[in-house]
Amino acid sequence: QNLLFAQLQAAVEQHHECRFVYKDKPRHAQPYRLIHKNGTWYLAAEEAGRLKNFSVKLIEALQVDEATRFAPKQAHQDYINAKDDVWFTESTTEVLLRVAPEAAHYFERRQLLPQQQSRAAGDGSLVVTTRINHINQLLPLVRAWLPHVVILEPQAWQEALVDELKQALSHWDKH
């Protein structure tokens, strides 16, 4: 793992293209940066014109092409520098949450979500706005704060969460 990490870091610094297997699929990528987030290392890289992230521990059969060099795109570098997470997509969804009074101060104290903005409601709760790249970026945090956080918009995401919880409860009831 240390060798893999060192090879990736060198590829990033030298702008060498890489080939590797990721989730059983061959990949050809231009590496931009290694990013550490929540205890996991990711490789930010361009593949087929799109910026993506790859979990380093899932990268297999790495081959660094030291004979080629690519010119990093400034737009990709700016995007990576501006992100405070590892979810890279072109589109984001605006999400509106209601945080119960008992948990509101945790959301006021620090940035728990990307581009988080909040305003106090009259009842002591907090209305939080954020921009999310994918529902799976949001749901783990909401589950961790149950029952104190509700997804107001998009409503379909709250419904997906409730369905998931109902399935879990029926599964547990069977055991």
Side-chain angles (χ1 to χ4, degrees), residues 8 12 22-25 27 29 31-59 73-175:
L8 287 171
V12 167
Y22 189 80
K23 295 183 178 177
D24 298 324
K25 187 176 167 189
R27 308 291 188 141
Y32 275 76
R33 183 186 297 162
L34 287 162
I35 300 168
H36 190 253
K37 187 73 177 175
N38 298 330
T40 302
W41 281 98
Y42 297 90
L43 174 67
E46 179 183 320
E47 182 188 41
R50 292 186 53 212
L51 194 58
K52 298 180 177 182
N53 68 67
F54 301 93
S55 173
V56 171
K57 69 180 174 195
L58 299 180
I59 292 175
K73 294 177 183 165
Q74 190 61 47
H76 285 344
Q77 291 176 321
D78 292 345
Y79 181 82
I80 294 166
N81 290 340
K83 293 290 282 181
D84 55 3
D85 59 50
V86 292
W87 294 82
F88 297 164
T89 61
E90 278 87 56
S91 63
T92 60
T93 301
E94 186 171 78
V95 175
L96 197 61
L97 306 171
R98 177 170 301 281
V99 179
E102 353 9 317
H105 67 280
Y106 293 105
F107 283 76
E108 290 173 313
R109 194 169 61 190
R110 64 188 182 120
Q111 197 86 0
L112 295 173
L113 293 158
Q115 301 175 36
Q116 176 180 318
Q117 295 182 330
S118 55
R119 66 180 195 283
D123 61 358
S125 68
L126 205 60
V127 177
V128 175
T129 310
T130 181
R131 295 208 67 85
I132 300 294
N133 295 89
H134 191 277
I135 188 173
N136 291 337
Q137 181 184 11
L138 178 69
L139 290 186
L141 181 106
V142 173
R143 284 191 297 264
W145 286 97
L146 286 174
H148 305 297
V149 176
V150 175
I151 304 168
L152 300 175
E153 293 291 331
Q155 185 63 39
W157 288 16
Q158 176 67 19
E159 291 165 9
L161 173 64
V162 170
D163 288 346
E164 176 188 280
L165 294 172
K166 285 178 182 174
Q167 286 177 354
L169 288 171
S170 72
H171 177 77
W172 292 330
D173 284 345
K174 291 174 189 166
H175 297 298

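Among residues two or more places apart in sequence or in another chain, the ring-ring contact (aromatic ring centres under 6.0 Å, His included) test is passed with Trp41 by Phe5, His36. Arg33 meets the salt bridge (charged side-chain N to carboxylate O under 4.0 Å, His left out) test with no other residue; sequence neighbours excluded. Listed by chain and residue number, Phe54 satisfy the ring-ring contact (aromatic ring centres under 6.0 Å, His included) test with Tyr22 (two or more places apart in sequence, or in another chain). The salt bridge (charged side-chain N to carboxylate O under 4.0 Å, His left out) check on Glu153 picks up nothing, with sequence neighbours excluded. Taking Ser118 as the reference, Leu126, Val128 meet the side chain to side chain contact (heavy atoms under 4.5 Å, CB included) condition, with sequence neighbours excluded. Scored by the side-chain hydrogen bond (donor to acceptor under 3.5 Å, both in side chains) test, Gln116 finds no partners at all (sequence neighbours excluded).
In this structure, Arg131 CZ and Leu138 CG are separated by 13.0 Å, a value rounded to the nearest 0.5 Å. Of the inter-residue distances, the one linking Tyr32 atom OH with Glu46 atom CD reads 5.0 Å to the nearest 0.5 angstrom. Between the CG atom in Leu141 and the CG atom in Leu146 there is a gap of 10.0 Å [rounded to 0.5 Å]. In this structure, CG in Leu152 is found 9.5 Å from OG1 in Thr129, a value given to the nearest 0.5 Å. Put simply, NZ on Lys73 and CD1 on Ile80 are 11.5 Å apart, with the number rounded to the nearest 0.5 Å. Between the CD atom of Gln137 and the CD1 atom of Ile132 there is a distance of 4.5 Å, given to the nearest 0.5 Å.
Nearest heavy atom pair, residue Gln158 against residue Ile151, reads OE1-N, 2.8 Å. When all heavy atoms of Pro31 and Ala45 are compared, the closest pair comes out as CA-CB, 3.8 Å. The two atoms that bring Trp157 and Val95 nearest to each other are CZ3-CG2, 3.5 Å, heavy atoms only. Contact detail for Ile59 and Leu8: the closest heavy-atom pair is CD1-CD1, 4.1 Å. Contact record, Thr40 with Ser55: CG2-OG, 3.9 Å, taken as the closest heavy-atom pair.
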Which atom pairs, donor and acceptor, lie under 3.5 Å between side-chain atoms of residues 162-171 and protein residues at least two apart or in another chain?
| from | atom 1 | to | atom 2 | distance (Å) |
| --- | --- | --- | --- | --- |
| Glu164 | OE1 | Arg143 | NH1 | 3.2 |
| Glu164 | OE2 | Arg143 | NH1 | 2.6 |
| Ser170 | OG | Gln167 | O | 3.0 |
| His171 | NE2 | His175 | NE2 | 3.4 |

Anything under 3.5 Å between a donor and an acceptor, one on a side chain of residues 96-107, the other on a protein residue two or more places apart or in another chain? List them.
| from | atom 1 | to | atom 2 | distance (Å) |
| --- | --- | --- | --- | --- |
| Arg98 | NH1 | Ser125 | OG | 2.8 |
| Glu102 | OE2 | His148 | ND1 | 3.4 |

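More than 12 non-hydrogen atoms from other residues, nucleotides or ligands lie less than 6.0 angstrom from CG of Asp123. By the 6.0 Å contact criterion, CD on Gln117 is open, its count of non-hydrogen atoms from other residues, nucleotides or ligands being 12 or less.
With a 4.5 Å cut-off on side-chain heavy atoms, Ile135 and Thr93 do not count as touching.
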